[in-house]
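Structure, as structure tokens:
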Amino acid sequence: MKIEVTPAAQDCQSRAVDGDVGREQKETRTMTSFRPVTAVLRAFDILGIVNRLEQPTFARIHKTSGLSSATVVRMLETLEHAGMIVKDESRAFYLPTSRTLELSRGYDQRRSLAMAATPILATLQRQVVWPSDLAIYDNDGMVVVETSRGNGRLSFNRRSGFRAPLLGTSLGTVYLAFIDPAKRAEILARLSDQPESWNDLARDPKSADSYFRNVARRGYGSMHPDYCRSAYDGMVSAIAVPVRAGNEPIAALNISFFLEAVSEKEAVKRYLAPLQAAADAIAVATGC
């Protein structure tokens with residue numbers, strides 16, 4: 001399938017646990033009848049970290065979680081016992097099992113969007129070599145619904161269902177740049193109490209407005225340098241464009257690349273037009 005460049009197409013996560021005080025403050029805002037079970041919350045935190053990390057060794061899980069070593073060991077062993085994760089002894093990685101898919105049963109991940117995008121992402125990867133992700137907005141992140149990672153040697157270990165932070169990734173920043181400013185302000189307000197450095201923008205509304213106007217003007221989003229270092233040891237970056245129904249983004253599409261092979265400036269020069277064309281093709285294929 002040939003991707004046509006339309007006129008429109010031309011135009012480093014870790015949520016640290018701050019201790020019981022921070023957890024209790026958040027609970028006070030969201031729970032009024034009872035306190036949640038801290039151990040359960042920590043188990044879900046660890047499961048999320050295992051799912052997000054590129055190389056989920058014990059050391060990286062421990063560092064990302066901010067919990068004590070003993071607590072991390074108990075959470076990992078509990079999740080193993082529940083069949084949610086398994087340890088790959090050859091690489092000392094903890095990996096999610098297929099049982100984690102049961103947690104998303106009943107949740108609509110825009111299957112029609114993913115099905116329409118599959119051949120388009122394959123064509124795009126043949127054109128540019130680098131892999132792509134298609135993601136939709138979900139509360140405080142972008143959830144990958146389809147990916148061309150894994151179809152070649154440059155997989156970066158990402159799977160469908162991966163949750164990308166909004167202000168850390170190109171997927172999130174470009175989505176936020178093209179939505180209604182009032183909706184964006186609501187989302188940023190929710191992100192403002194999250195500790196990661198890439199969320200600093202959410203705590204500075206004036207800078208945020210200027211930043212997102214610039215992203216919308218240039219037509220693509222970029223990965224935050226701190227997220228690049230945190231998630232990929234500074235080796236991988238990405239650019240992303242919106243998939244739009246009219247003027248409203250319904251998803252975001254990226255291209256990821258090794259920085260030692262191509263700079264972001266060069267990636268924009270080489271890949272932005274085919275990336276935008278692919279986004280247009282996905283919108284057409286889904287009837288948008």
Should [X] and [Y] count as side-chain neighbours, where that means a heavy-atom distance under 4.5 Å?
{"X": "Arg203", "Y": "Asp193", "value": "no"}
{"X": "Glu80", "Y": "Tyr94", "value": "yes"}
{"X": "Met223", "Y": "Tyr232", "value": "yes"}
{"X": "Ile136", "Y": "Ile250", "value": "no"}
{"X": "Val243", "Y": "Pro249", "value": "no"}
{"X": "Val236", "Y": "Leu259", "value": "no"}
{"X": "Ile187", "Y": "Leu176", "value": "yes"}
{"X": "Val72", "Y": "Phe58", "value": "yes"}

Looking at [Y], is its backbone amide N or carbonyl O close enough to the side chain of [X] to form a donor-acceptor pair, meaning the two atoms are under 3.5 Å apart?
{"X": "Arg99", "Y": "Ala82", "result": "yes"}
{"X": "Ser65", "Y": "His62", "result": "yes"}
{"X": "Thr97", "Y": "Gly83", "result": "yes"}
{"X": "Asp88", "Y": "Ser90", "result": "yes"}

Roughly how far, to the nearest 0.5 Å, is the [atom2] atom of [Y] from the [atom1] atom of [X]?
{"X": "Tyr211", "Y": "Asp204", "atom1": "OH", "atom2": "CG", "result": "13.0 Å"}
{"X": "Asp209", "Y": "Leu201", "atom1": "CG", "atom2": "CG", "result": "9.0 Å"}
{"X": "Ile120", "Y": "Gln125", "atom1": "CD1", "atom2": "CD", "result": "14.5 Å"}
{"X": "Met84", "Y": "Leu95", "atom1": "CE", "atom2": "CG", "result": "15.0 Å"}
{"X": "Arg270", "Y": "Lys265", "atom1": "CZ", "atom2": "NZ", "result": "13.0 Å"}
{"X": "Leu124", "Y": "Trp130", "atom1": "CG", "atom2": "CH2", "result": "13.0 Å"}

Taking all atoms of both residues into account, what is the closest heavy-atom pair of [X] and [Y], and its distance?
{"X": "Ser170", "Y": "Ala238", "result": "OG-CB, 3.5 Å"}
{"X": "Ile282", "Y": "Ala117", "result": "CD1-CB, 3.9 Å"}
{"X": "Tyr137", "Y": "Met142", "result": "CA-SD, 3.6 Å"}
{"X": "Leu79", "Y": "Ala43", "result": "CD1-O, 3.7 Å"}
{"X": "Pro36", "Y": "Leu41", "result": "CG-CD1, 3.8 Å"}
{"X": "Trp198", "Y": "Leu167", "result": "O-CB, 3.2 Å"}

Practice problem: Provide the full list of side-chain hydrogen bond (donor to acceptor under 3.5 Å, both in side chains) pairs with a residue in residues 179-189, sequence neighbours left out, each pair given once. | Solution: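 Checked against side-chain hydrogen bond (donor to acceptor under 3.5 Å, both in side chains) - neighbours excluded - the pairs reaching residues 179-189 are Tyr175-Lys183.
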Exercise. State plainly whether the residues Asp138 and Arg163 are in salt-bridge range, i.e. N to O under 4.0 Å.
Key: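 So Asp138 pairs with Arg163 through a salt bridge.
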Quiz prompt | Any donor-acceptor N or O pair under 3.5 Å, side chains Ser68, Thr71 | solution =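 Checked: Ser68/Thr71 side chains pair up, N/O donor to acceptor below 3.5 Å.
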Practice problem: Answer yes if the side chains of Ser132 and Asn254 hold a donor-acceptor pair under 3.5 Å, and no otherwise. | Solution: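 On atom types as modelled, these side chains do not qualify, holding no pair under 3.5 Å.
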Practice problem: Determine, stepwise, if the pair Arg42 / Asp45 fulfils salt bridge (charged side-chain N to carboxylate O under 4.0 Å, His left out). | Solution: CA-CA 5 Å; Arg42 287 175 173 171; Asp45 284 342; over 6 Å; no
Quiz item: Is Leu275 reachable from Phe258 through a run of I, L, V, M, F, W or Y residues, each pair having side-chain heavy atoms under 4.5 Å apart?
Solution: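 Same cluster.
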Quiz item: Is Phe44 reachable from Ile85 through a run of hydrophobic residues whose side-chain heavy atoms are each under 4.5 Å from the next?
Solution: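 Looking at the clustering, Phe44 is in a separate group from Ile85.
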Quiz item: Are there more than 12 heavy atoms of other residues, nucleotides or ligands under 6.0 Å from atom CG of Asn247?
Solution: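 Counting neighbours around CG of Asn247, 12 or fewer heavy atoms of other residues, nucleotides or ligands fall under 6.0 Å, so no.
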Self-check item: Ser148: which of Leu121, Leu134, Thr123, Thr118 passes side-chain contact (heavy atoms from CB on, under 4.5 Å)
Solution: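 Passing option: Leu121.
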Exercise. Report yes or no: is the cationic atom of Arg218 (NZ for Lys, CZ for Arg) closer than 6.0 Å to the six-membered ring centre of Tyr220, at no more than 45° off its axis?
Key: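 Here Arg218 passes the 6.0 Å and 45° test against Tyr220.
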Practice problem: Test side-chain contact (heavy atoms from CB on, under 4.5 Å) on His224 and Thr173 and set out the steps. | Solution: CA-CA 9 Å; His224 194 287; Thr173 54; over 6 Å; no
Practice problem: Go through Leu253 and Asp133 one step at a time and tell me if the side-chain contact (heavy atoms from CB on, under 4.5 Å) criterion holds. | Solution: CA-CA 6 Å; Leu253 178 67; Asp133 303 309; over 6 Å; no
